[in-house]
Amino acid sequence: MFGPKAVHNKDRMRRRQGITGRFFEGKEGTAVEDFKKKANFQHKTPLFEEVCDRLQRNSDFRVRPILIGQKFRGAFAFVDGMINSGQLSELVMRSLVEHRFAADATAGDLFAYIDGGGIYCPDQKKQQKADDIIKQMLTGSAALFLDGAADAYTFEIKSTFVRSVTEPTNENITKGGKDAFVERWLMNTALVRSRLHSPDIVVESVLAGRQSQTNIAVVYLKNTADDALVQRAKDCLSKLDVDSISSLGIVEEALCGDDNSIFPQVTNTERPDSFCADINEGYIGIIIDGFPFALLVPGNILQQMQAPEDYARHSVFASAIRVLRFVMMGITLLLPGFYVSILSFHQEMLPSRLVQSIMKARLEVPFDEIIEMIVMLIAFEVLIEAGLRMPKNIGQAVSIVGALIVGEAAVSAKLISPAVVIVVAITAIASFTLPSQDLSNAVRVWRFVLLLFSGMLGLVGLVIGAILLTLRICSLEVLGVPYMAPLIGGHTKTKDSYFRRPFVQDKKRPEFLGNKNKTRRVSKG
Amino acid sequence: MKRNTKALLGSLFVFALVFSVNAGSKTNMPRREEITRKTVVQAIGVDQLEDGSGGMRITFAPAMSRDQESLQGSTEEINNVIVSDGETFYEAVKKAQTFSSNTVYLGQTDLLVIGEAAAREDLAKYIDFVTRNQDMRMDLHIVVAKDTTAEEVLRCDSDDGATSFEAIESLLLDAGEMSYSSEVKMRQVVQAMEEETLVPILPAVTIAKQEESKGGPATISLVGYGIFHDGKLIRFLQEDGAKAFNLLTGRFEYSVAVINAQDIGKMSAQLLNSSVELSTDTKDGKPAFTFRVDLTANITERVSNNANPKAEELRFTEETLHALEEDLTNQLKGEMERVIAQSQSDGVDYLGLADHLYRSDPDEWERVKEDWESLYPQLSIQVEVEPQIQNFYTINQGLGMEE
């Protein structure tokens with residue numbers, strides 16, 4: 001039953017079912033003959049043969065013969081899944097098959113018919129090179145080869161497996177638009193154009209990635225954006241030489257002024273309205289095919305502290321919330337270091353009753369304050385990472401287990417003091433108020449640096465660390481624009497720097513972007 | 001990033017690292033100390049050593065909770081205080097380390113008690129360490145002990161379980177209720193000792209011992225002020241004298257006066273909203289001062305007095321109110337004039353007249369400052385009091401009085 005004979009029988013069964021367990025079966029070139037037979041060409045068609053030869057190993061490469069106008073032999077070649085088969089049949093094939101040519105019509109008449117717009121397809125191109133044809137096929141076009149012709153046509157009929165426009169996942173606001181960018185760059189540019197109908201919107205694209213051939217579009221207002229800034233952005237993208245644009249970070253790093261800086265030098269957004277608002281300010285937008293996010297350069301720390309809902313709320317309330325965000329950023333950055341330095345070096349600064357309370361709580365804790373703080377912060381980072389990876393249905397349970405039970409148990413076991421738990425909790429909550437996740441990540445790392453400095457030298461160390469941090473971010477430049485603009489660089493602050501003034505009072509575009517059009521049109525009449 | 005900026009940041013980082021490694025041992029940078037290894041001292045008492053050696057006895061009252069007493073080892077610490085003798089303050093502090101299980105930490109000290117004997121000897125000698133020590137706060141409270149030592153004051157726990165520090169802190173906080181005293185901070189004392197126009201004045205506390213027949217523990221009470229001159233305690237001002245002093249110096253908050261107007265009866269009045277204005281003039285070629293004190297009074301109770309035939313007819317008319325105000329004026333004016341006379345007989349200007357003259361008429365002060373001490377007893381200092389009874393509520397007759 002289980003001997004060699006059984007194995008032999010199993011293989012025979014699989015072969016009968018067509019399961020060979022092997023990939024490409026033919027020798028190189030043999031599949032081309034199959035495709036040629038399928039196309040039923042009578043004459044040599046070198047372009048067709050070359051394309052088949054290069055794509056023969058692909059199981060999703062298809063060839064479909066067609067008889068055009070009952071007279072001319074042709075063959076469609078496409079990559080299955082990349083095109084919309086229904087549209088291929090209805091728009092292209094039908095208009096070819098059902099057209100009636102004259103009895104003495106020649107290939108020239110056929111070309112004239114196609115070139116004259118006889119096909120119901122808005123995007124057709126005549127191709128002479130196999131490279132171009134393959135490129136088009138791999139981006140959602142079907143290629144038409146005519147028997148014996150030196151040229152071919154490509155028709156763009158992309159598949160509709162594109163995700164439709166949905167609500168933003170991370171930047172939801174109650175009084176704003178509910179659409180977000182999707183993976184297709186042309187849809188994203190369409191979303192932008194639907195909001196900014198200006199003819200001055202420019203969308204220039206470049207292909208990046210040797211293997212991925214990804215379209216990256218630079219979007220800007222030509223009557224507003226600084227030409228030099230636009231050129232610098234385009235230069236950065238043109239020089240990008242990678243195999244594939246597999247993540248947003250690759251493009252971000254290409255645009256960064258300093259690869260070693262953890263601070264986000266490029267802003268990203270999934271909201272078309274935010275994107276358009278920043279384009280209108282003079283920022284340069286980058287839309288990348290395959291990513292439901294758009295980038296904005298040059299990144300700026302004040303811009304990253306602003307949230308889309310600031311502009312949907314009343315200016316006074318929005319200003320208060322913005323000030324709160326700055327305070328929260330200070331707290332999340334400095335509170336752990338401040339706590340450790342006060343408790344370890346400067347106990348005289350604490351009120352007497354608080355000192356007694358803390359002493360009582362710390363009596364049997366075996367660790368120093370700095371060790372406690374580092375361990376708690378690391379535990380918190382672990383919880384965040386675990387929460388990101390967890391499936392949604394058990395992520396909440398993990399948070400509860402981690403935060404409540406483990407924390408409570410650790411305090412009860414006198415491994416950590418309650419004050420440290422409170423400080424870490426406040427720090428964590430404060431970090432969640434930052435609108436930009438990238439900025440929040442940078443702050444999380446620098447928090448540890450400042451903590452180490454505080455643990456070495458108390459408040460003096462904390463101040464040294466803060467000075468180093470300030471120097472670091474003040475020295476950052478993105479595409480020649482200081483990251484801390486307009487706070488440095490001698491630029492006039494706009495009315496939108498710290499506080500959100502009413503729109504009618506905010507008439508100037510940011511000076512540090514070098515805009516051609518420095519004044520906004522804002523008036524109540 | 002530009003090379004120069006990188007180099008700058010890198011060098012700053014290295015500097016910070018090297019500096020921090022050496023900081024504790026070679027510089028005056030703060031050192032890291034575990035908070036649980038410290039004995040946090042809430043109150044310090046300073047006394048003169050009774051052996052006449054000129055040394056001092058320092059009493060440290062730690063901020064321990066009751067359940068921490070068992071962690072302490074030394075016999076001295078069972079009473080919640082650590083006592084240490086030394087020729088100087090600092091020596092006594094260091095000696096305390098030899099029998100304290102933790103580091104004696106003075107950074108949280110909030111109260112300094114000066115024993116009477118030490119105060120009469122030389123205040124500056126006993127507080128000099130406090131003013132120089134960078135750990136100690138300059139806004140700590142300072143009091144002088146009357147008829148007792150600072151050690152006894154700090155050993156005296158109240159019957160409700162509060163420590164001596166808590167009791168004194170509470171007393172100082174509520175000092176304005178009777179205005180027999182007020183809180184004074186170290187920086188005010190230092191300022192008074194530094195400036196020639198001011199005189200240090202410290203709140204005075206004492207231990208009010210209950211009569212043995214009544215039982216009960218001794219309690220700390222706030223009795224008034226200790227007046228200093230040339231760094232030495234010269235006098236205590238208590239109760240009515242302290243109240244009058246507060247009225248004259250603008251430290252008055254609330255108090256009570258019992259008015260006994262003829263034909264009206266005994267009334268109790270709440271005194272509040274006091275303001276004082278000091279004006280300067282010249283009389284016989286010397287400065288003359290006039291205190292004008294305004295305050296408000298509310299009649300809070302009337303003592304029934306059926307024996308007084310007029311009492312049953314009492315109505316709060318304009319005449320009766322004037323009579324009451326007159327009695328109150330005489331009372332307060334008398335108290336204030338006594339304090340003024342006392343200060344002039346002591347030859348010590350603790351009413352702040354020199355300071356007022358210095359600020360209001362610097363030229364005049366320049367003219368008289370050399371002879372101020374001899375001039376002061378002869379100065380004309382007048383008092384005008386203007387109390388105003390605002391509220392007497394709806395009381396017309398006392399309870400139980402016949403119609």
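As the structure is a prediction and not an experimental result, all values here were calculated from the model. So that the names make sense, note that chain A is the first sequence line, chain B the second, and so on, each numbered from 1.
Looking at A/L350, the atoms closer than 4.5 Å to chain B (heavy atoms on both sides) sit in the backbone and in the side chain alike. If you measure heavy-atom distances from B/R37 to chain A, you find no contacts under 4.5 Å at all.
B/K94 NZ: 12 or fewer foreign heavy atoms inside a 6.0 Å radius.
Judged as a side chain to side chain donor-acceptor pair (under 3.5 Å), and not counting sequence neighbours, A/S261 has no contacts. Judged as a side-chain contact (heavy atoms from CB on, under 4.5 Å), and not counting sequence neighbours, the contacts of B/M186 are B/L112, B/I127, B/V130, B/T131, B/M138, B/L140, B/I142, B/V190.
Ranked by heavy-atom pairs under 4.5 Å with chain B, the list A/E348, A/M349, A/E369, A/R362 is led by A/E348.
One side chain, A/D235 or A/Q231, offers a donor N or O that lies under 3.5 Å from an acceptor on the other.
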